[in-house]
Amino acid sequence: MSESMSKIEEQVAGTASGADLQRARLSTSPVIRVEDVHKTYRVYRKPMDRLRESLPWNRSKGPLHKEVHALRGVSFEVMPGQCIGLVGGNGAGKSTLLKLLTGTTRPTHGRYSLRGKVAALLELGAGFQKNATGRANIFMNAALLGRTREETKAKFKEILDFSELHDFIDQPISTYSSGMVARLGFSVAVATDPDVLIIDEILAVGDMHFRRKCVDKIMSFKDRGKTMFFCSHSLYDVRQICEKAIWMRTGAVQMYDDAVAVTNEYATYENQLIEEQSEHVQSLQIADAAPVKGAMNPKNAERYARVLSAELIDGETGKPRHKFQPGDSVAVRVHIKNGKQPEPLALAVGFTRADGTLCFAPTTEMDGVPLDVQEAVVTLRLDNLRLLSGEFVVPVWLLDARGVHRFHETTCAQNLIVQNRTKELGLFLTERSWSVESL
Amino acid sequence: MQAPHLIQQYDAAETPRGFLYHAVRAWRAPGVVFGQRTLTSHFFLRDLQSRFRGSMLGGFWVLMQPLFQFAIYFTVFGMFFGRWEDKDTVLFALWLFSGIICFHGMVSGVGSAMNSIVSNANLVKKVAFPSEMLPVVPVMVEAAVLLVGLGVVLLIGGVTGRLSFGWNTLAIPWAVANVLLFSAGLGLLLANLTVFVRDVKNIWQFASTAWLFLSPNFWWPDFLYGREPWVFGLLGMNPFFHTLVGMRQAIGLVPETLEVDGRIVHNLGITTTLVESLSIGSGWAVLFLVVGYGTFMVHRDKHADLV
């Protein structure tokens with residue numbers, strides 16, 4: 001870190017002014033820096049105890065409150081342009097951390113600093129007034145986010161266009177659906193063009209069409225080098241949108257690393273918990289990608305990208321076949337057609353055991369295969385099938401290029417049946433060797 | 001690189017700024033309200049509109065409440081108890097009404113102000129903004145209502161010739177400012193207290209009623225003459241006493257001598273001049289503002305955790 005800093009300083013010193021130096025320093029110093037932050041809430045059994053505790057003659061009787069530690073020693077740094085995901089169970093301290101960064105509450109111990117204009121979407125439409133019209137609320141909410149009337153006026157059309165609430169803007173908010181309120185809130189917040197965007201669980205609201213617009217907007221923020229802090233229960237979203245992620249557990253940072261690594265660790269941990277409670281839930285699946293609204297409706301078949309057919313074939317002969325042995329060459333042939341407004345796509349193929357366990361699921365997006373076509377036959381070939389005996393469902397997902405939105409989902413007509421003639425046990429065939437050292 | 005100068009930082013190890021730090025900065029409170037005028041005007045309009053949105057008579061109700069109160073008090077105190085029998089009926093009515101609108105303005109302003117943090121919990125918890133403006137807004141709304149009421153008083157007083165207009169008329173904004181600052185200070189003080197002790201609003205309900213009767217609303221100060229000295233001392237300690245008296249002097253309700261129907265109406269027992277009354281009123285107002293703003297700001301960061 002300091003090494004790279006001095007390098008840049010050298011480069012800059014050769015050419016230019018202090019302003020450039022300043023800029024270079026800023027782009028290499030963290031936007032968010034949190035150091036050993038603790039947050040403790042005092043919980044009183046009854047309101048009277050708060051008063052009794054503050055009386056000087058009650059000091060000797062000891063505290064009358066219980067302490068709840070929402071955060072215990074959280075430290076991390078976020079560099080400019082990074083998008084950080086925040087995952088963790090309920091009560092892990094995610095919301096407290098976000099509130100702290102927003103500035104609505106203060107840490108009990110430790111320090112933090114934030115650089116740049118911060119906009120927080122802790123709750124869409126916080127501060128909306130039910131009786132006022134959408135138009136009045138846009139101005140009100142923008143004012144809360146620190147905008148003057150003139151600035152909001154200049155952005156008004158942009159906000160309205162993004163929210164798509166043209167017909168309702170002069171109606172009171174009380175006539176809006178919750179999704180519409182969320183749309184308005186998001187539109188206002190992103191229009192303020194912050195340097196640091198803090199988002200808490202907001203993608204769960206609004207219809208899928210709007211959710212897609214939100215994600216695209218968030219992505220465009222990222223592309224412009226803005227910093228983002230993104231809290232979500234959808235691990236899939238965190239993985240697709242963020243580079244790095246923080247996993248919070250019982251008020252502390254359990255893991256701060258690459259988003260894929262963190263979500264995997266967290267999913268494993270969660271699954272263990274769930275197994276202990278003897279429930280079965282899949283926590284990390286492509287099926288978590290939100291469907292594009294209307295895309296699943298057969299009426300819209302022509303409008304959106306679709307999978308026309310998907311079948312299992314023999315990898316060598318190219319003939320339809322669904323019964324294989326381990327080591328055989330298996331292929332999945334998928335016929336796809338782009339939508340009316342063609343866009344780059346991604347295709348995912350999964351192999352799922354009857355009990356729902358996803359064994360593996362390669363996607364063109366993660367393998368870096370571009371899929372910018374009008375209509376195509378895409379073939380996934382597995383030359384040396386490693387699966388052992390069992391019946392596997394083969395789902396096929398057609399997604400947008402980022403793998404965030406789901407256009408179509410189908411399964412191959414026949415299930416993949418693997419029959420092994422060897423004594424191998426379990427799910428997978430693995431390369432292996434034994435060694436015996438006699439002692 | 002946009003606005004790199006905007007840095008927010010907080011270190012819990014630093015000693016938090018104490019009461020004195022904030023108290024001496026109470027003069028900044030009006031600056032906050034003006035500096036955030038976009039937001040203030042939104043809150044102001046929201047508050048004003050919420051009072052008569054959906055009602056048939058609309059803005060009319062703003063005046064109706066003090067008018068009804070006046071009618072009741074005038075009937076009870078004027079007719080049943082004969083407070084005005086040795087005085088001038090119209091003079092008593094104007095004295096009563098001008099007192100009621102000031103006092104009612106202060107009480108309902110403070111009443112809404114003290115609940116403003118708790119009732120805007122969602123806002124205080126989720127959005128970082130200068131929340132010290134929340135208690136000030138309802139007080140400003142009440143001040144606007146007070147101005148309308150004063151217009152009515154001046155109109156009636158002018159038509160009936162009971163008010164004297166002159167230099168004292170120029171002091172009306174000062175008198176209104178006293179009511180505004182006093183209410184804002186008390187509002188901030190109690191708004192902060194309400195966050196910690198919710199019982200404050202219940203206490204306020206009967207405390208304000210007691211205060212109403214202890215203030216020169218239904219009686220004028222000469223009522224105190226010949227009473228036990230402690231009564232005079234107690235009622236004179238009333239921090240709102242001189243604001244109420246000063247307001248009557250500013251609208252020209254307290255002439256040195258006034259001849260009505262061949263009788264001399266004396267100065268109603270008021271011993272201070274207009275400037276003295278308003279200055280003492282301002283003194284109390286500033287004291288409440290400094291204490292209110294100071295305590296509010298010291299505890300402001302805790303509000304989001306408690307509401």
Side-chain angles (χ1 to χ4, degrees), chain A residues 22-23 26-27 33 35-39 41-42 47 50-51 54 80 99-118 120-123 126-129 131-132 136-137 139-152 172 193-195 200 225-226, chain B residues 1-14 16-17 35-55 119-131 133-134 193-200 202 299-307:
Chain A
Q22 177 76 7
R23 208 165 295 141
L26 284 172
S27 60
R33 190 202 298 263
E35 285 173 74
D36 192 30
V37 159
H38 292 253
K39 178 75 192 179
Y41 290 101
R42 288 181 172 187
R50 185 187 299 281
L51 188 69
S54 63
K99 268 202 261 178
L100 241 138
L101 291 177
T102 318
T104 54
T105 182
R106 300 291 188 195
T108 328
H109 176 84
R111 57 176 167 269
Y112 68 87
S113 66
L114 264 114
R115 209 180 64 221
K117 211 160 44 172
V118 181
L121 298 177
L122 292 194
E123 192 180 294
F128 273 169
Q129 198 207 350
N131 298 326
N137 271 302
F139 283 99
M140 173 91 184
N141 217 336
L144 271 174
L145 292 166
R147 296 273 130 180
T148 65
R149 206 172 176 80
E150 289 68 39
E151 284 173 302
T152 315
D193 197 33
D195 300 312
D200 187 7
K226 308 271 182 171
Chain B
M1 181 73 41
Q2 205 181 10
H5 57 278
L6 282 168
I7 296 180
Q8 302 169 25
Q9 47 192 358
Y10 184 85
D11 190 346
E14 281 171 20
R17 284 157 174 172
Q36 299 279 338
R37 57 192 173 279
T38 315
L39 197 50
T40 313
S41 64
H42 275 293
F43 280 128
F44 185 84
L45 290 175
R46 182 179 96 164
D47 198 312
L48 203 60
Q49 284 169 357
S50 69
R51 286 171 188 238
F52 44 79
R53 181 177 291 277
S55 63
S119 61
N120 283 300
N122 199 28
L123 215 53
V124 174
K125 274 183 163 166
K126 304 278 179 182
V127 187
F129 73 105
S131 61
M133 70 168 52
L134 286 178
L193 200 58
T194 305
V195 173
F196 295 91
V197 187
R198 300 292 160 91
D199 314 54
V200 175
N202 305 69
H299 299 290
R300 190 185 68 173
D301 288 345
K302 294 182 193 139
H303 291 171
D305 296 342
L306 291 168
V307 291

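Throughout, a chain's letter reflects where its sequence line sits, starting with A, and its residues are numbered from 1.
- Neither the backbone nor the side chain of A:Thr152 comes within contact range of chain B; no heavy atom of the residue lies under 4.5 Å from a heavy atom of that chain.
- Judged purely by atom type and a 3.5 angstrom limit, A:Thr104 has no side-chain atom pairing as donor or acceptor with the backbone of B:Lys126.
- A:Thr105 pairs by the side chain to side chain donor-acceptor pair (under 3.5 Å) definition with A:Lys39, B:Asp305, not counting sequence neighbours.
- With a 4.5 Å cut-off on non-hydrogen atoms, B:Leu306 touches chain A through its side chain but not through its backbone.
- Here A:Arg106 pairs with B:Asp301 under the salt bridge (charged side-chain N to carboxylate O under 4.0 Å, His left out) rule; sequence neighbours left out.
- A:Tyr112 touches chain B through backbone and side chain together, each having a heavy atom under 4.5 Å away.
- The two residues A:Lys99 and B:Lys125 have their closest heavy-atom pair at CD-O, 3.7 Å.
- Atom CZ of B:Arg46 sits about 9.0 Å away from atom CG of A:Asn137, to the nearest 0.5 Å.
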Can A:Leu144 and B:Leu39 be said to form a side-chain contact (heavy atoms from CB on, under 4.5 Å), step by step? CA-CA 6 Å; A:Leu144 271 174; B:Leu39 197 50; 3.9 Å; yes
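- Of the atoms belonging to A:Ala136, it is backbone heavy atoms, and not side-chain ones, that fall under 4.5 Å from chain B.
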